[in-house]
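All remarks here apply to the structure that follows.
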Amino acid sequence: MATIIKPPAPLVFDTTQKSIFLAGSIEMGVAVDWQQTVTAALADMDLVILNPRRAAWDASWPQSIDFGPFREQVEWELEAQERADVILFYFAPETKAPITLLELGLAARTGKVVVCCPAGYWRKGNVDVVCRRYGLRQVETLAELIVVVREMIQ
């Protein structure tokens, strides 16, 4: 059974257990909670799911390194990505997801990335070029993403 860790919970887990980081569109109120879909689909697996969608996120927080809760969130996400065995990316077409683009750039050369960037995402061309250049596995739908992640974890 999967273990789910969300911020601000400490990233304490058995590193011999496979782990995935759910990178992708959040934009509270814009993106659907695709993380819940992925989590439910992988719940039967023996893995750790690192989900950055913070339940108590406050959109009024200043996005400043000097604001503790914001800095804590960003640092949690960076550490979770570094520790994860697989980083899956989902670019929801109805979002901009600039932080997800940044995260893809950071992770592109790690060898542990799979990407879903459906038609309609405003920077799909950029994502496609990065995926091709760095040999990243890319799929078209969230359902395909789940299948690929299951294969990567097993």
Side-chain angles (χ1 to χ4, degrees), residues 1-43 45 47-118 120-131 133-134 136-139 142 145-146 149 152-153:
M1 173 158 273
T3 301
I4 301 153
I5 303 175
K6 291 177 146 189
L11 289 165
V12 177
F13 59 94
D14 180 356
T15 56
T16 63
Q17 192 175 21
K18 293 287 187 177
S19 59
I20 63 169
F21 180 81
L22 307 182
S25 303
I26 293 180
E27 294 180 39
M28 295 301 219
V30 179
V32 297
D33 189 352
W34 63 270
Q35 294 92 344
Q36 179 57 39
T37 301
V38 171
T39 299
L42 302 176
M45 297 188 75
L47 78 153
V48 177
I49 300 172
L50 306 169
N51 182 354
R53 189 182 277 260
R54 187 181 190 128
W57 180 256
D58 184 342
S60 70
W61 286 351
Q63 294 195 16
S64 167
I65 194 170
D66 298 321
F67 185 69
F70 172 77
R71 184 182 62 252
E72 173 187 61
Q73 176 75 24
V74 175
E75 289 175 348
W76 188 97
E77 291 182 32
L78 291 170
E79 183 177 347
Q81 288 171 71
E82 289 170 4
R83 294 183 61 192
D85 295 303
V86 174
I87 305 172
L88 67 85
F89 284 86
Y90 178 68
F91 292 88
E94 64 276 7
T95 67
K96 297 286 186 193
I99 302 308
T100 305
L101 289 169
L102 170 69
E103 291 170 342
L104 178 61
L106 289 170
R109 296 179 185 198
T110 64
K112 57 184 185 179
V113 171
V114 59
V115 177
C116 178
C117 187
Y121 179 69
W122 77 300
R123 290 290 185 242
K124 179 171 175 45
N126 293 85
V127 173
D128 291 347
V129 170
V130 168
C131 289
R133 180 170 187 106
Y134 296 103
L136 306 181
R137 184 132 183 219
Q138 193 171 7
V139 298
L142 195 54
L145 185 63
I146 291 164
V149 169
M152 292 173 78
I153 293 296

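- Counting only heavy atoms from C-beta outward, the side chains of T3 and F13 never approach each other to under 4.5 Å.
- Residues passing the ring pair (Phe, Tyr, Trp, His ring centres under 6.0 Å) test with F21, sequence neighbours excluded: none.
- For the pair V74 and I65, the minimum side-chain heavy-atom distance is 4.5 Å or more.
- Once rounded to the nearest 0.5 Å, the distance linking OH of Y121 with CG of D128 reads 11.5 Å.
- Minimum interatomic distance between T110 and L106 (heavy atoms only, all atoms of both residues): CG2-O, 4.2 Å.
- Applying the salt bridge (charged side-chain N to carboxylate O under 4.0 Å, His left out) test to pairs two or more places apart or on separate chains, those with a residue in residues 17-36 are D33-R53.
- With contacts defined as side-chain heavy-atom distances shorter than 4.5 Å, the pair L104/V130 qualifies.
- Under the 4.0 Å criterion applied to side-chain N and carboxylate O atoms, E72 and R54 are assigned as salt-bridge partners.
- Residues meeting the side chain to side chain contact (heavy atoms under 4.5 Å, CB included) test with E75, sequence neighbours left out: R71.
- At least one donor-acceptor pair closer than 3.5 Å links the side chain of D85 to the backbone N or O of S19.
- K112 contributes atom NZ, which lies 10.5 Å from atom CE of M152 (distance to the nearest 0.5 angstrom).
- Residues V115 and V139 form no side-chain contact, since every pair of their non-hydrogen atoms from C-beta on lies 4.5 Å or further apart.
- Side-chain contact between V114 and L136 is absent, with no heavy atoms from C-beta onward closer than 4.5 Å.
- Of the listed residues (T39, L42, V86, V149), just one forms a side-chain contact (heavy atoms from CB on, under 4.5 Å) with L22, and that residue is T39.
- A 4.5 Å side-chain heavy-atom check between K124 and F91 finds every atom pair outside the cut-off.
- Between T100 and A23, the closest heavy-atom pair is CG2-C, 4.4 Å.
- To the nearest 0.5 Å, the span separating CG on L88 from CG on L145 amounts to 5.0 Å.
- Sequence neighbours left out, the pairs with a member in residues 59-85 that pass ring pair (Phe, Tyr, Trp, His ring centres under 6.0 Å) are W57-W61, W61-F67.
- Scanning all heavy atoms of the two residues, the minimum distance from A107 to I87 falls at CB-CD1, 3.8 Å.
- With rounding to the nearest 0.5 angstrom, the CG atom of L78 is 10.0 Å from the CD atom of Q73.
- Summarising the geometry of P118 relative to P93, their closest heavy-atom pair is CB-CG, 3.8 Å, with the distance given to 0.1 Å.
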- prompt: Given I5 and N51, is the side-chain contact (heavy atoms from CB on, under 4.5 Å) satisfied, shown in steps?
  reply: CA-CA 6 Å; I5 303 175; N51 182 354; over 6 Å; no
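- For the 3.5 Å distance criterion, the side chains of Q81 and E77 fail to qualify, holding no donor opposite an acceptor.
- Between Q35 and I49, the closest side-chain pair of non-hydrogen atoms is not below 4.5 Å.
- The shortest heavy-atom contact between L50 and A80 is CD1-O, 3.6 Å.
- Summarising the geometry of L142 relative to C116, their closest heavy-atom pair is N-SG, 3.8 Å, with the distance given to 0.1 Å.
- Shown here are the salt bridge (Lys or Arg N to Asp or Glu O under 4.0 Å) partners of E79, two or more places apart in sequence or in another chain: R83.
- F89 pairs by the ring pair (Phe, Tyr, Trp, His ring centres under 6.0 Å) definition with nothing, not counting sequence neighbours.
- Although no hydrogens or angles enter the test, the distance criterion places no donor-acceptor pair under 3.5 Å between the side chain of T95 and the main chain of A31.
- Atom-to-atom distance recorded for C117:SG and N126:CG is 9.0 Å, nearest 0.5 angstrom.
- Here the CD1-NZ distance, from I99 to K96, works out to 14.5 Å after rounding to the nearest 0.5 Å.
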